[in-house]
Amino acid sequence: MTGRRVVVVGASMGGLRAAEQLRAAGWTGGITVVGDEPHMPYNRPPLSKDVLAGDVTHAAVAFRPRASCADVDWRLGEAVTGVDLDARRVRLAGGSSLSYAGLVVATGLRARRLGCPGPTVGRHVVRTLDDARGLRDALGPGRRVVVVGAGFIGCEVAATARLLGAEVTVVARDAEPMYRPLGAELGAAVRRRHTDRGVRFELGRTVDRLTGEGHVAGVVLDDGRTLPADVVIEAIGAIPNTEWLAGNGLDLTDGVRCDAALRVESRPDVVAVGDVARFANPRYDDVPRRVEHWSIPTDTARHAARTLTAHLSDTAVPDAPFAPLPAFWSDQYGDRLQSYGAPALGAADIRLLEGTWTTACAVGYHRDDTLVGVVALTPGSHPLSTKYRHHLD
C-alpha cells in the first residue's frame, strides 16, 4: 500500500478522525489532508459556549493528533475547488492539483446566512474559530444582541451573550426554542430557563430586513416592529459544503449520498465522513439522512476508513451493518441537555420518563411505540439520561 496516497478533503474533526482511522485500519500509504482554514483541527462545540465566554484561542479548542498521524501531510489554508472522480484528481484554489488512490469527503458544513437586505457590519455567525473571535470582540455588558434562530447554536450563543452582560432577544419562526428536535414541552422548559435570566423571545416571527448605515442598528420583523440591535447573530442552520463535487453525477441534494459502507454513490475509491455524509441508519429505517451530532465524525470515520482501506488493499469490505447511536449535548447556564438516539424521529410521541418539566427530567421519543431517542435536561452534567441509553440498543 506504500507509494499511493489518500486525499482527505476537509481538515476539521472529520478529516482528522479519517486520517487517524485510516492508520488504525492498516493504511501505510501517504495521507494528505486539505482544508481551507489555516488552523489545525479543533473542537467546534465550545465555540458557542465556554470558549466564546472566555479564551477564544486555537489552543483552547485544538485536538491533539495521534502519534500514528505524525507523517500526515497537512495542506491548510488552501481550498479544494473541484474534483474529477474518474481521473482521481482534486483541484486546489491555487491552481495545482493532487492525484489520489482513495478520496475521503470530509468538507462538513458552513453557516447559513440571512437572505434579507441591510448592512453587513455587525452580523455574525458561529461556525469557525475566526467567527467566534469576531463575535467575542462584539459582545459585552449593555450590548443589544439579536439572535436569529433558536436551535442549539442560537440558544447556546444567547446564553453566553447574556452571561457576558448583553441584552439578548431571540427571534425564531417556531413556537418554542429547539422545537423541531425536542418538541414543545422540552422546548418550553428551555425557554423558561432563558427568560428567567432575562432573555426575551420573539417566537413565530421572521426577519424582514436589517437597518442601519454601515453598521447594523435594528432588526425589522415580519410584523413591522423593529428590534434595536448592535449585534445580530445568525443561527439559522448550516449548508453542506459539496459544491466542489459538482459535475461528477452525484446526488448532492442534501450532503453526499452514501451507501451502507459510506462509499459515495457506491464508488469503491471514494468515501464520506461527518455531517456532510447522507446515509441510511438501519437502527431506524432505510432513509438516507445527514446527522450533525458531535459523535458522527468519529463513528463515520472508523467505518469509512475500514471500507476504503479494504478496497485499496484488495481485501473484502467489512459487511457489518453501520448503525451508529447519535449523541449530543448542549450546555446553557450550567444546565445540560444530553441526548442519545434520534429524538426528531419520535417527535409525534413524546413521553416524560422521569422528573418534571420544570426541574430535571428525562424524556423519551417514540416511533411506532419504539423508543428511538432520549433527552435529559438536568443541572450540570448529571447523567440522568445514561440509564436509559441501553434501551436504544
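Values reported hereafter were calculated over all heavy atoms of this structure, with side chains retained and with hydrogens, waters and symmetry mates removed. Computed from a predicted model, the values in this text were never measured in an experiment.
- Between the side chain of Arg209 and the backbone N or O of Gly118, no donor-acceptor pair lies under 3.5 Å.
- No continuous path of ILVMFWY side-chain contacts below 4.5 Å connects Val148 to Val220, so the two sit in separate hydrophobic clusters.
- Clustering of Ile, Leu, Val, Met, Phe, Trp and Tyr side chains at separations under 4.5 Å leaves Val125 isolated, with no partner residue.
- Counting heavy atoms from C-beta on, the side chains of Arg17 and Val273 never come closer than 4.5 Å.
- Using modelled atom types, no side-chain atom of Thr206 and backbone atom of Asp222 make a donor-acceptor pair closer than 3.5 Å.
- A salt bridge does not link Asp275 to Arg290: none of the charged nitrogens lies less than 4.0 Å from a carboxylate oxygen.
- Heavy atoms of other residues, nucleotides or ligands lying less than 6.0 angstrom from CZ of Arg267 number more than 12.
- Transitive grouping of hydrophobic side chains (ILVMFWY, heavy atoms separated by less than 4.5 Å) keeps Val72 and Tyr100 in distinct clusters.
- For Asp223, the side chain to side chain contact (heavy atoms under 4.5 Å, CB included) test picks out Arg205, Leu221, Arg225, with sequence neighbours left out.
- Side-chain heavy-atom separations under 4.5 angstrom define the hydrophobic clusters, and the remaining members of the one that includes Val145 are Tyr42, Leu47, Val51, Leu52, Val56, Val61, Val126, Leu129, Leu135, Leu139, Val147, Ile153, Val157, Leu163, Leu164, Val168, Val170, Val199, Phe201, Leu203, Val231, Ile233, Tyr333.
- With salt bridges taken as basic N to acidic carboxylate O contacts below 4.0 Å, none links Arg136 and Asp55.
- Using a 4.5 Å heavy-atom threshold, the side chains of Arg257 and Leu250 count as separate.
- Annotation: side chain of Pro177 is not in contact with side chain of His194 (no heavy-atom distance under 4.5 Å).
- The shortest side-chain heavy-atom distance between Val90 and Val34 does not fall under the 4.5 Å cut-off.
- Between Pro324 and Phe279 the shortest side-chain heavy-atom distance falls below 4.5 Å.
- Residues Leu308 and Val264 do not share a hydrophobic cluster, clusters being chains of Ile/Leu/Val/Met/Phe/Trp/Tyr side chains in contact below 4.5 Å.
- Glu185 places none of its side-chain heavy atoms less than 4.5 Å from the side chain of Val363.
- Defined by atom type and a distance below 3.5 Å, a donor-acceptor pair is present between the side-chain atoms of Thr253 and Asp251.
- Remark: side-chain polar atoms of Arg197 are paired, donor with acceptor, to backbone N or O of Arg193 under 3.5 angstrom.
- A distance-only check finds a donor-acceptor pair linking the side chain of Arg143 to the backbone of Ala138 [under 3.5 Å].
- With a 4.5 Å cut-off on side-chain heavy atoms, Arg44 and Met13 do not count as touching.
- One hydrophobic cluster, built from ILVMFWY side chains closer than 4.5 Å, holds both Leu114 and Val146.
- In terms of heavy-atom proximity, Tyr365 sits nearest to Pro343 at CD2-O, 3.4 Å.
- Of the possible donor and acceptor atoms, none in the side chain of Thr309 sits under 3.5 Å from a partner among the backbone N and O of Arg306.
- When atom types are taken as modelled, the side chain of Asp331 and the backbone of Gly334 share no donor-acceptor pair closer than 3.5 angstrom.
- Two residues are said to be in side-chain contact when any heavy atoms from C-beta on lie closer than 4.5 Å; Val216 and Arg123 meet this criterion.
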Carefully, step by step, assess Arg133 and Asp130 under the rule salt bridge (Lys or Arg N to Asp or Glu O under 4.0 Å). CA-CA 5 Å; Arg133 284 173 173 162; Asp130 292 337; 3.3 Å; yes
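- A donor-acceptor pair under 3.5 Å links the side-chain atoms of Thr57 to the main chain of Ala60, judged by distance alone.
- Asp73 has no carboxylate O lying under 4.0 Å from a charged side-chain N of Arg5, or vice versa, which leaves the two without a salt bridge.
- Scanning all heavy atoms of the two residues, the minimum distance from Ser330 to Glu156 falls at OG-OE2, 2.6 Å.
- Salt bridge annotation for Arg23-Asp71: present, with a cationic side-chain nitrogen under 4.0 angstrom from a carboxylate oxygen.
- In terms of modelled atom types and a separation under 3.5 Å, the side chain of Asp299 and the main chain of Ile296 share no donor-acceptor contact.
- Between the Arg4 side chain and the Leu312 main chain, a donor and an acceptor come within less than 3.5 Å of each other.
- Side chains of Thr169 and Glu202: a donor-acceptor N/O pair is absent below 3.5 angstrom, by distance only.
- Leu345 and Val291 are members of different hydrophobic clusters when ILVMFWY side chains are connected at heavy-atom separations under 4.5 Å.
- Within the 3.5 Å criterion, the main-chain N or O of Leu109 finds a donor-acceptor partner in the side chain of Asn241.
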